[in-house]
Amino acid sequence: MPAIQTETQYVSSIGMEVHAELLTESKMFCGCRNAFGGEPNTRCCPVCLGLPGSLPVANRLAVELVIRAALALHCSISPIAEFDRKNYFYPDLPKGYQISQYDQPIGSGGWLDIETEAGPRRVHIRRVHLEEDTGKLMHLPTGDSAVDYNRSGVPLMEIVTEFPPDMGSADEARAYLVKLRAILTCIGVSDGKMEQGSLRCEPNISVRPTGASAFGTKTEIKNLNSFRAVHRGVQHELTRQVALLRRGERVAQETRGWNEARGETVLQRVKEVEQEYRYFPEPDLLPLHIDDAWVASIRAGLPELPDAARLRLVDQYGVSAAEADLLTQTAAWTAYFERAAGLCGNARATANWMMGELARLLNAANLEIDQCKAGPEALAELLAMVESGKISGKMAKGVWEAAFETGEAPAAIAARQGEQISDAGALGAVLNSVIAAQPDVWQALCAGDEKKLTFMVGQIMKQTRGKANPGEVNRLLRERMAGGAQ
Amino acid sequence: MEPLTYRSLRALRDAVCSGEVSAREITRAHLDRIAEVEPAISALLAVTTDGALAQADAVDAARSRGEELGPLAGVPIALKDVISTRGVATTCGSRILAGWKPPYDATVTARLREAGAVMLGKANCDEFAMGSSTENSAYGPTRNPWNLDRVPGGSSGGSAAAVAAGEVAGSLGSDTGGSIRQPAALCGIVGLKPTYGRVSRFGLVAYASSLDQIGPMARSVEDAALLLEAICGVDLLDATSVDAPPFSAEAVKRGDIRGLRVGVPREFMGDGIDGAVAAAVRAAVEALCSMGATAEECSLPTARHSLATYYILAPAEASSNLARYDGVRFGLRSEGGSGHAGMTEASREAGFGAETKQRILVGTYALSAGYYDAYYLRAQKVRTLIRRDFDAAFERFDVLVTPTSPTVAFGIGEKSDDPLAMKLADVCTLPANMAGIPGVSIPCGMDQGLPIGLQIMGRSFDEENVLRAAYAYEQATRWHTHRPEVAR
Ligand SMILES: [Zn+2]
């Protein structure tokens, strides 16, 4: 047996490329509407289909949104916005080139701060630039492929972190993305919807032995469409690379896709040579001058950014730092919180409720806070009822679930539910008397005659003059039946 | 009655307005002319008889309602087949776009329609406007009306030949490296490349975007000016179009050129320029001086690098512009090859001609990592130097005068095996594209029964002075009244 050696330790380096579709009315270089989904190929025109003779005309608002983002990320702003062509063949790329920015991005040299276990960490940003999105390639069950060009030409912002990378763990990668998304949604340039692909992130990951100066070979992960996936994907990839190196194998330079179901990254494409994109200045567009006055007016129009909002919430409302983090995850969360807290006057309870019940229901329904039917007014109404003792905390949960589901006002829901008898003790007593009165029916039911269930419910309803909560009665009956059958 | 073909644009329009003839009669007469000479010349890839008659009838109906008619009402025209025409095949002389019917009009097409012009057909050209003889068309060569064994020049050879042969009163071509002016010279007509940005490129199928410019071709300076007036002006659909002071065709006819300072760059009059051509240009300079202009020899030292610069920049842009012909959405799709890459390769292999493939390869190479600085970037720097040379010359001169083509029309097939000799055909016209300035070619002599062209170049957006000099010269000479044999 070989002597036991101290196992080599590794340092991880994580960089990140993030693509965010911009919230413009129209596409980057034509008048087509910029929206998500819809019937394939219903939002395209000669320009975004790359038909012969069509020409791009730059959307000034998209440039403005990128400047906005670059400013919020503390970048310096290039005095001109120049476009370049990135040439490659792919069916979802109608012109055979993508209009992008190569050597002069609109923003460069920026940063954002994240919280880590070891304290605050500054993640440097190399560049923020503007380009156009591609179409979407779909593989049909017939084996054929089809392309939807609705997304073709949608303005896309690319944000690339600096090299050498500042991030070194899955937690940090997620924290970076959470913060970046908070900033982009706060300033209104992106809706931040990862599951719809309007915010896409591609981390690149390498590991190297502690003390080694040269960086390891990096791999890139695609197909990460939630924060959770980012965290799991990065963690999996770090583990995979370290395991490879420990076995004495090499990490190959490749692109890997995250498979959510299998919880692992799988090989997509080996990058043996850097792809040749033959960048050159786009001759169909003139450089756009970004003068100081324009930048100044955009800067003046920036809203309060998440970092500032976070400090203010702690200071002004007395919420915890962790709560403030969550409440500033997007501008919509902050706005929701401030409105509800203002209405009900209890900021702590509001924060508590949002972090608990609201977050839980949004997660379960896979909804964003601005899609939620129960608005801050509803939450304030609910919390006021709890505070005044009109409803119990336990009942509040049910009322809130109903409000979340239907959008009905909590007061109305509570009034109706207050009429109902839902209390297990009270209903249990009624049930006992019904069983005592109808022992044969009860025996038949317990023996499996399901038809008798309706009869029993009817009897209970009769005794309570219709006030029993039918759901609760059903639950209670089934519970008893399970016990009774023993 | 004077025959309707070979009348000027202005005369045709006036005849329609006065009621002397109907637009339908004019259209019919030209369609007859097309039927008569097309078998020999092959200037047109498509004759749009039904559409033309419908447009003519619309003009006649407007007149009968007493409406004011457009400035080109009833004027028969042809468009080079790289200019998009809604619902009418726009092939660019290429197999890869056989049958491609754009769902939209180019801005120039729409503006001509608006002006009342009647489109009779689409004119043949070198594939994607790449060539100097129209021999690179996938649909066969066009023949020079002056001598059917000679080329009409290119790439707008069909547009030039159709005008020279009286098939249409005027036409549009596109000029990336001389493609309007050189065929105009070889066919004995007037051809103008406007300043880059003067005419919208929207709907012009791109060859080299930073050089391409649409311009008029006609049998007189005034007619060319009228066409330019109709098509020029800023266009929101083309970000490179310029909101320049408007161009006035009327101002061109103020023919007085006394005091006009004419520069004669010596680099355009030496080696490689045919003796008869040089003599005709010298005579033209003397004619301008006799009308009160002053002439002086000058130098454009970097202009001789235009050819090399052009053959980096134009193919580089073309290699990218032509990437969209991949068989996915439109145009030819070859069934050979497997998968997307295989299908694209097979489609491009089958769809593009040899010259186009060669330019795509050259351009791809010039843009490749490791070569970009040595080729593309250096060519851009040389282009800047060429532009500066012209700027300096235009501080001393109002216009510059040179031959348009070093020789008269050469034989069909004569230069096919000698690509360098073919490219030298554009040596006098390329510099104006590099500098983005306007240039016109007008007839200034005959040699061996073939026309010689005089090129007049001017400052950016100074088409007025360029055409004023051309107009004055034209009024003082009779070259523009010569008609080719096929006309008789
Ligand atoms: Zn579009």
Side-chain angles (χ1 to χ4, degrees), chain A residues 28-31 41 44-60 81 83-99 102-103 134-135 137 139 143-149 152 273-288, chain B residues 82-84 90 92 97 100 102-107 128 197 200-206 208-212 235-242 313 316-317 319-331 339-341 343-345 348 363-370 372 376-377 380:
Chain A
M28 185 61 225
F29 297 114
C30 62
N41 298 312
C44 21
C45 71
V47 176
C48 55
L49 287 173
L51 297 189
S54 64
L55 292 172
V57 177
N59 181 339
R60 199 178 156 86
F83 293 97
D84 299 282
R85 290 188 185 176
K86 180 180 182 180
N87 296 282
Y88 64 96
F89 287 101
Y90 207 64
D92 66 8
L93 189 67
K95 297 187 294 295
Y97 57 83
Q98 179 190 33
I99 303 178
Y102 180 52
D103 47 11
T134 62
L137 191 60
H139 299 288
D144 291 341
S145 298
V147 198
D148 175 9
Y149 292 104
S152 170
V273 284
E274 279 296 306
Q275 183 152 4
E276 172 77 83
Y277 289 122
R278 293 175 282 119
Y279 283 99
F280 74 103
E282 165 58 278
D284 287 331
L285 293 165
L286 301 176
L288 198 71
Chain B
V82 290
I83 296 172
S84 298
T90 301
C92 302
L97 280 178
W100 161 247
Y104 50 92
D105 273 335
T107 297
F128 287 104
S200 168
R201 292 185 296 116
F202 185 84
L204 169 68
V205 179
S209 313
S210 72
L211 301 162
D212 295 342
D235 178 11
L236 293 176
L237 298 176
D238 175 3
T240 64
S241 71
V242 176
L313 297 180
E317 293 181 17
S319 71
S320 174
N321 283 330
L322 269 58
R324 71 191 64 197
Y325 308 107
D326 57 3
V328 173
R329 294 162 310 282
F330 49 78
H340 166 252
M343 185 273 287
T344 294
E345 263 180 50
R348 290 166 72 82
T364 303
Y365 183 81
L367 289 176
S368 301
Y372 181 86
Y376 184 86
L377 206 60
Q380 285 291 21

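Convention: sequence-line order gives letters A, B, ...; per-chain numbering from 1.
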Asker: Using non-hydrogen atoms only, which part of B/Pro102 is less than 4.5 Å away from chain A: side chain, backbone, both, or neither?
Answerer: neither
Asker: Could you tell me which non-hydrogen atom of B/Arg329 sits nearest to which non-hydrogen atom of B/Arg324, and how far apart they are?
Answerer: NH2-O, 3.2 Å
Asker: Below 4.5 Å, heavy-atom pairs only: which of A/Cys30, A/Pro56, A/Ser145, A/Pro281 has the largest tally toward chain B?
Answerer: A/Pro281
Asker: Shorter than 4.5 Å, heavy atoms on both sides: which option in B/Ala341, B/Gly203, B/Ala366, B/Pro103 has the most such pairs with chain A?
Answerer: B/Gly203
Asker: Among all residues two or more places apart in sequence or in another chain, which pass the ring-ring contact (aromatic ring centres under 6.0 Å, His included) test with B/Tyr376?
Answerer: A/Phe280, B/Tyr372
Asker: Please determine, by modelled atom types, if B/Ser320 and A/Arg278 share a side-chain donor-acceptor pair under 3.5 angstrom.
Answerer: no
Asker: What part of A/Asp284 gets closer than 4.5 Å to chain B, counting heavy atoms only: side chain, backbone, both or neither?
Answerer: both
Asker: Measuring heavy-atom distances to chain A, does B/Ser368 have an atom under 4.5 Å in its side chain, in its backbone, in both, or in neither?
Answerer: both
Asker: Report which part of B/Ala369 has an atom under 4.5 Å of a heavy atom belonging to chain A: side chain, backbone, both, or neither.
Answerer: both
Asker: Below 4.5 Å from any heavy atom of chain A, which atoms of B/Phe202 appear? Answer side chain, backbone, both or neither.
Answerer: both
Asker: Can A/Lys86 be said to sit on top of A/Tyr97's aromatic six-ring, NZ or CZ under 6.0 Å from centre and within 45° of the ring axis?
Answerer: no
Asker: B/Val82, B/Asn321, B/Ile83: which one forms the most heavy-atom pairs within less than 4.5 Å of chain A?
Answerer: B/Asn321
Asker: Side chain from CB out, backbone as N, CA, C, O: work out which of these in B/Thr90 comes under 4.5 Å of a heavy atom of chain A, or both, or neither.
Answerer: neither
Asker: Hydrogens and angles aside, do B/Ser84 and B/Asp105 bring a side-chain donor and acceptor to less than 3.5 Å of each other?
Answerer: no
Asker: Classify the side-chain pair B/Ser241/B/Asp235 by whether it contains a donor and acceptor separated by less than 3.5 Å.
Answerer: no
Asker: Go through the atoms of B/Leu236 and report whether side chain, backbone, both or neither lie under 4.5 Å from a heavy atom of chain A.
Answerer: backbone
Asker: Going by ring-ring contact (aromatic ring centres under 6.0 Å, His included), A/Phe83 matches just one of A/Phe29, A/Tyr102, A/Tyr279. Which one?
Answerer: A/Phe29
